[in-house]
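First comes the structure, then the notes that go with it.
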Amino acid sequence: MSVKELAATINDIAIRGKGILAADESKPTIAKRFASIDVENNEEHRRAYRELLFTTPGMEEFISGVILFEETLSHKAADGTPFPKLLAAKGVVPGIKVDRGTIPLTNSEGDKVTQGLDGLGERLQNYKQQGARFAKWRSIYPISAVNPRRLAMQTNAEVLARYAAICQENGIVPIVEPEVLIDGDHTIERCEEVSEEVLFNVFAALHRHHVSFEHMILKPSMVIAGKSCSQQSNVDEVAKATIRVLLRTVPGSVATINFLSGGQTEQQATAHLNAMHRLGVTLPWNLSFSYARALQAPCLKTWQGKPENVKPAQEIFYKRAKLNGAASCGEYETSME
Ligand code: 13P
C-alpha cells in the first residue's frame with residue numbers, strides 16, 4: 001500500500017468548505033434523469049451534460065472531487081481534453097464508481113448485495129492510468145419490518161471491506177458507501193436503529209480487513225424518516241440523530257465523511273448538513289457532502305438538453321455547490337437560497 005499516495009489524495013479531497021460531486025450515474029440511472037427532462041439518453045448527451053458540469057466556472061471553489069462513471073472517464077470535452085485531465089487541471093480530484101450494481105441477496109428476502117469484486121484490482125490499475133485517484137462502491141439497505149436482515153448487514157459489510165482493502169492496495173482511496181434507503185414509511189427512530197447496526201457491521205469488517213481508516217472516505221445516508229412516513233422530522237432532529245449515530249460508530253481516525261443526498265430535496269440536504277455543524281458538538285472528522293441529485297437536480301431541469309441553456313444551468317449548479325460549501329462549514333442561511 002502506498003500510504004503517501006493515499007494521504008495526498010485524502011488531503012486534496014478533505015478540504016474545509018469543499019465536497020464531492022457525484023456525477024457517476026450509471027446508464028439506467030442517467031436514463032431516468034434525462035427522461036425527466038425529455039432528453040434522449042445517448043452517449044453524446046451524456047458527454048455534453050457532464051461537460052456542462054465540469055466546465056462550470058468556479059465550481060472548484062466548492063468541489064474538491066468528482067465521481068465519474070466508467071464511460072465518462074474516457075470522454076473528452078469539446079476541445080479534446082479528457083475529462084480527468086480537465087478536472088485535475090482545476091485542482092479537482094477525479095474518482096470512479098467501481099461497483100457493478102446490486103442483485104437480490106440469496107436467502108435474505110428483500111435485501112440486496114453489490115457485485116463487482118472479481119478482477120477489481122486490474123480494473124483499478126486501468127482506471128488509475130486514466131487519472132482516477134479514488135473510487136466509490138455503494139451498498140444499499142432497504143428498511144422494512146424485517147429488512148435489512150442480519151445476513152445482509154454482514155454480507156454487504158464484508159464486500160465493502162474487501163473492496164476498500166483492494167482499493168488501498170492499489171493506491172486508490174475508497175469511498176465506502178452504505179446507503180440506508182429513504183423509501184418506505186419507517187420512522188426516524190427505526191432509521192437510527194438500522195443505521196447504527198449497519199455502520200457497526202461496516203466498521204467491524206473494515207477493521208477485520210485491515211483497512212486504513214485514515215485513508216478512506218465514508219459516504220453515509222442521513223438518519224431520517226422514510227419518505228412516506230406520516231411523521232416527518234425537522235432539520236434539527238435529523239442533524240442530532242445523524243451525528244449521534246456517527247459519533248457512536250465511526251472512528252475519529254476516519255479522515256472525512258461525505259453524505260449522499262438519497263432523495264432529499266436540495267434544500268433539505270443543504271439544511272441538514274448545515275445543522276450538523278451548528279449543534280455545538282466537536283466533530284472528529286471533516287463532515288461534508290458527496291451529492292448527486294441535491295447538486296444537480298435544478299441544473300438538469302434548467303439545461304433541458306439545449307445548448308443555449310448551458311450558461312444558466314451552470315450558474316444554478318455553481319449556486320448549489322456554493323450553498324453546500326457554506327453548509328459544510330455551518331455557514332448556510334435559508335435566505336441565501
Ligand atoms: P444522491 O446524492 O443522489 O443520493 O447520489 C449520491 C450517490 O453517489 C449515490 O451512489
Side-chain angles (χ1 to χ4, degrees), residues 1-25 50-77 81-99 120 123-138 163-164 166-177 211-219 254-261 285-292 294-296 317-318 320-322 324-325 328-329:
M1 187 200 300
S2 164
V3 172
K4 250 195 186 159
E5 191 176 27
L6 296 172
T9 302
I10 286 287
N11 284 340
D12 289 345
I13 295 176
I15 296 172
R16 187 181 134 83
K18 295 192 186 189
I20 297 170
L21 164 66
D24 61 329
E25 296 85 358
R50 267 69 183 247
E51 175 164 4
L52 177 163
L53 294 173
F54 307 158
T55 58
T56 294
M59 59 83 104
E60 63 275 15
E61 295 163 42
F62 315 106
I63 305 287
S64 55
V66 174
I67 317 170
L68 305 170
F69 187 59
E70 194 171 22
E71 175 191 69
T72 317
L73 197 62
S74 56
H75 277 167
K76 296 183 171 84
T81 313
F83 284 150
K85 203 172 160 195
L86 184 155
L87 291 168
K90 293 177 121 182
V92 178
V93 183
I96 173 86
K97 168 192 173 77
V98 300
D99 68 67
L120 180 59
R123 279 166 59 211
L124 287 173
Q125 280 307 320
N126 201 356
Y127 298 144
K128 202 173 174 183
Q129 274 174 10
Q130 293 181 75
R133 295 171 60 199
F134 71 102
K136 183 191 103 171
W137 181 290
R138 173 173 176 257
Y163 141 81
I166 296 168
C167 283
Q168 291 186 342
E169 182 186 26
N170 285 279
I172 296 274
V173 166
I175 292 187
V176 172
E177 181 180 6
V211 170
S212 164
F213 296 156
E214 288 83 354
H215 303 107
M216 62 162 276
I217 297 167
L218 177 69
K219 176 163 172 167
V254 168
T256 180
I257 299 179
N258 294 65
F259 290 104
L260 59 94
S261 60
W285 346 264
N286 185 61
L287 191 76
S288 186
F289 59 90
S290 173
Y291 297 156
L295 278 168
Q296 296 182 49
F317 169 54
Y318 177 85
R320 280 292 8 127
K322 184 176 180 172
N324 283 303
S328 70
C329 304

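Position 1 is the first residue of the sequence, and the numbers go up from there. FYI, side chains are in, hydrogens and waters are out, and symmetry mates aren't considered; it's all heavy atoms of this structure.
Shortest non-hydrogen contact noted between E60 and T56 is OE1-O, 4.2 Å. Listed here is the closest heavy atom pair of P84 and P94: O-CG, 3.6 Å. Closest non-hydrogen pair, I15 versus N11, comes out as CG1-O, 3.5 Å. Of all the heavy atoms in A255 and I10, the pair that sits closest is CB-CG2, 3.6 Å. Residues F259 and K219 come closest through the heavy atom pair C-CG, 4.3 Å. Minimum interatomic distance between G17 and S328 (heavy atoms only, all atoms of both residues): CA-OG, 3.4 Å.
Ion pairing of E25 with R50 is present here, as a side-chain N (NZ or NE/NH1/NH2) and a carboxylate O approach within less than 4.0 Å. Residues E5 and K128 are paired through a salt bridge, judged by an N-O separation under 4.0 Å between the basic side chain and the carboxylate. Remark: K136 engages D24 in a salt bridge, criterion side-chain N to carboxylate O under 4.0 Å.
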Candidate pair Y291 and Q296, rule side-chain hydrogen bond (donor to acceptor under 3.5 Å, both in side chains), full reasoning: CA-CA 8 Å; Y291 297 156; Q296 296 182 49; over 6 Å; no

Applying side chain to side chain contact (heavy atoms under 4.5 Å, CB included), run through I175 and F134 and close with a yes or a no. CA-CA 7 Å; I175 292 187; F134 71 102; 3.6 Å; yes

Chi angles and distances behind the side chain to side chain contact (heavy atoms under 4.5 Å, CB included) call for L124, V98: CA-CA 8 Å; L124 287 173; V98 300; 3.9 Å; yes

Decide yes or no on side chain to side chain contact (heavy atoms under 4.5 Å, CB included) for S288 and K18, but give the supporting numbers first. CA-CA 7 Å; S288 186; K18 295 192 186 189; 5.9 Å; no

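Screening Y318, F317, F289 against F62 for a ring-ring contact (aromatic ring centres under 6.0 Å, His included) leaves a single residue, Y318.
The main-chain N or O of A77 is never found under 3.5 Å from a side-chain atom of T81 such that the two would form a donor-acceptor pair. Remark: the backbone N or O of R138 is paired with a side-chain donor or acceptor of D99 at under 3.5 angstrom.
Looking only at side-chain heavy atoms (C-beta outward), H75 and P82 stay at 4.5 Å or farther from each other. Looking at heavy atoms from C-beta onward, V92 lies in side-chain contact with M59 at the 4.5 angstrom threshold. Put simply, the side chain of I13 reaches to within 4.5 Å of the side chain of I217, judged on heavy atoms. With a 4.5 Å cut-off on side-chain heavy atoms, P174 and Y163 count as touching. Within the 4.5 Å cutoff, the side chain of S212 has no heavy atoms near those of the L6 side chain.
F83 pairs by the ring pair (Phe, Tyr, Trp, His ring centres under 6.0 Å) definition with F54, not counting sequence neighbours.
One distance of note links OG of S2 with NE2 of H215; it measures 9.0 Å at 0.5 Å rounding. To the nearest 0.5 Å, atom OG1 of residue T72 and atom CG of residue L87 are 10.5 Å apart. Distance check: I20 CD1 to L295 CG gives 11.0 Å after rounding to the nearest 0.5 Å. Expressed to the nearest 0.5 Å, how far NZ of K90 lies from CD1 of I63 amounts to 10.0 Å. Here D12 contributes atom CG and S64 contributes atom OG; the two are 8.5 Å apart, rounded to the nearest 0.5 Å. The CD1 atom of I172 lies 9.5 Å from the CD1 atom of I96; values are rounded to the nearest 0.5 Å.
Residues T256 and N286 have side chains that bring a donor and an acceptor to within less than 3.5 angstrom of each other.
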